[in-house]
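Read through the structure below, which is laid out as structure tokens, and then see the notes.
Sequence lines set the chain letters: A, B, ... in the order given, protein chains first and strands last, and positions in each chain run from 1.
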Amino acid sequence: MARFNAVTDSVVPAVRVRAVNQRALRANAKYVLYWMIAARRTHDNYALDRALEYAKRLQKPLVVLEALRVAYPYASDRFHRFVIDGMADNAEAFQKAGITYYPYVEPEAGAGSGLLEALAKDAALVITDDFPCFFLPRMVAAAGKKLPVLLEAVDSNGVLPIRALDKACFRAFDFRRAVQKTFAEHWAERPASAPLSRLSMSKATLSREVRERWPSASADLLGGKPEALAALPIDHGVPVLSYRGGLRAARSTLTQFLDKKLERYEEDRNHPDKAATSGLSPYLHFGHLSAHRIIAGIAEREDWTPEALGTRARGERTGFWNMRPSAEAFMDQLLVWREVGLNYCAFNRDYSSFASLPTWSQKTLTEHKTDARPKLYTRAELEAARTYDPIWNAAQRELLREGRIHNYLRMLWGKKILEWSKTPEHALQTTIYLNDRYAVDGRDPNSYSGILWCFGRYDRAWGPVRPIFGTIRYMSSENTEKKLWLAQYLARYGDQPTLLE
DNA sequence: ATCGGCTCGCGCAA
DNA sequence: TGCGCGAAGCCGAT
């Protein structure tokens, strides 16, 4: 270990590693601890690579703690089920590799306090995930102060490290240019796709204190027994989804997308009836799937290698990747639109407020703050999908039932909330609440980009000046209905009573 | 069906 | 200083 320089000799790019505290590494401790909080997967994971690297250098076993608490904002059956599905998959993969994996689901608020510290007592150092959003940055900072050992946060969020640039971009165009300039070098430093294969690592023993005071998640919970979830003090008003979380489900969703949908992506993606969207966002949000894995799949289908990349980095939307148009359109979503959100959150703690909007949009919305609204709905009316607008109601019902809203309709959904709220600030609050509570990929940088876009972020002014919107880009249900194929969508999520309401 | 104007700010060329 | 251009729009003119 003496000659290992953790910065220059690591397989993980230094820009992805952040020392959260200045405590020492303890080479004589029992194991290396990976506290898995965002990249909840066993491959394509820089934090796991880093942890394995330390374990090998120090000749210690690796212990992985994947914890889920009950008192975090919006904890519900929906998100718990999704994360626990992932735990079951992770348990199997780590078991096969001979790594001590500790899935912990807190049975009551506060019960999990002290677990990380107790496990860290025997750790040479702790590695965790660096996620720039929600309560995670605060939680990691607090842990850094408490832990008696070195805590490193590793960024496995995207293909570009969140600190690849030194500031936030306020236009997608600028970020696209940065992606085009640097993709090749970052792609060359991708994480291991099968880090657990051919490992020979000794197994760690956890202290009796830990095993008795914080028993790992029960087989009932991991196995998906509804009673086990019902017993937890979480929001039972947000029901589980019809699709599973976890790595297996992520892989099959990806395969479906690549085999059946990618080819028609560009043409069909705006049409709700065409079912052309990837459905990958929930898996990306909870770290069950990596952008690297998706790109590898696209590259294979497109027979693509980085040599095909264009040399001009001018921020143009086509002609850079040199893939088929549909694949290029999807790459733009994945690399530019997903990662520009990560970039924003990484540099702005204030990523979701009205004050974070561009000056021009704050100004125009404020100027039209007192304009008459066609109708004002309460949050509860919106939540229950009870408006006069069938398209909006359908989108809201899709959110309630499926934990997502179709890409195109999500924009209209947000714009209408602005139209029906007494102030833009209230509208923003309501939109974020609904998305955070019900969307599987809520509480994600990506989601905040999408919502704040409706209020002007990453966008520009569009005339003519209209009531309420001012020069914010306007969208209407009438035009949406004319432009899109959505009859089946309306039938599926239409104004008929359902179990939820 | 397609086109320009509506309207704002940024980077870049000059 | 001027020019070109940008997530998905809308509307009226041709």
Among B/dC10, C/dA7, C/dG9, the nucleotide that comes nearest once only the side chain of A/Met475 is considered: C/dG9
Describe, in one word, how the ring planes of [X] and [Y] are oriented to each other, choosing from parallel (under 30°), tilted (30 to 60°) and perpendicular (over 60°).
X: A/Phe330; Y: A/Tyr265; result: perpendicular
X: A/Phe469; Y: A/Tyr474; result: perpendicular
X: A/Trp420; Y: A/Trp392; result: perpendicular

Distance-only donor-acceptor check, side chains A/Ser476 and A/Asn479, under 3.5 Å: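 Distance-only check passes for A/Ser476 and A/Asn479.
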P gap between B/dA1 and C/dA7, integer Å: 27 Å
Check every strand shown and say whether [X] touches a base, only sugar-phosphate, or nothing at a heavy-atom separation below 4.0 Å.
X: A/Arg410; answer: nothing
X: A/Arg177; answer: sugar-phosphate
X: A/Asn270; answer: base
X: A/Ser476; answer: sugar-phosphate

Face-to-face contact A/Trp337 to C/dA7 six-ring, under 5.5 Å, under 30°: yes
[X] [atom1] to [N] [atom2], straight-line distance once rounded to whole Å:
X: A/Glu419; N: C/dG9; atom1: CD; atom2: C1'; result: 14 Å
X: A/Tyr408; N: C/dG9; atom1: OH; atom2: P; result: 4 Å
X: A/Phe455; N: B/dC8; atom1: CZ; atom2: P; result: 20 Å

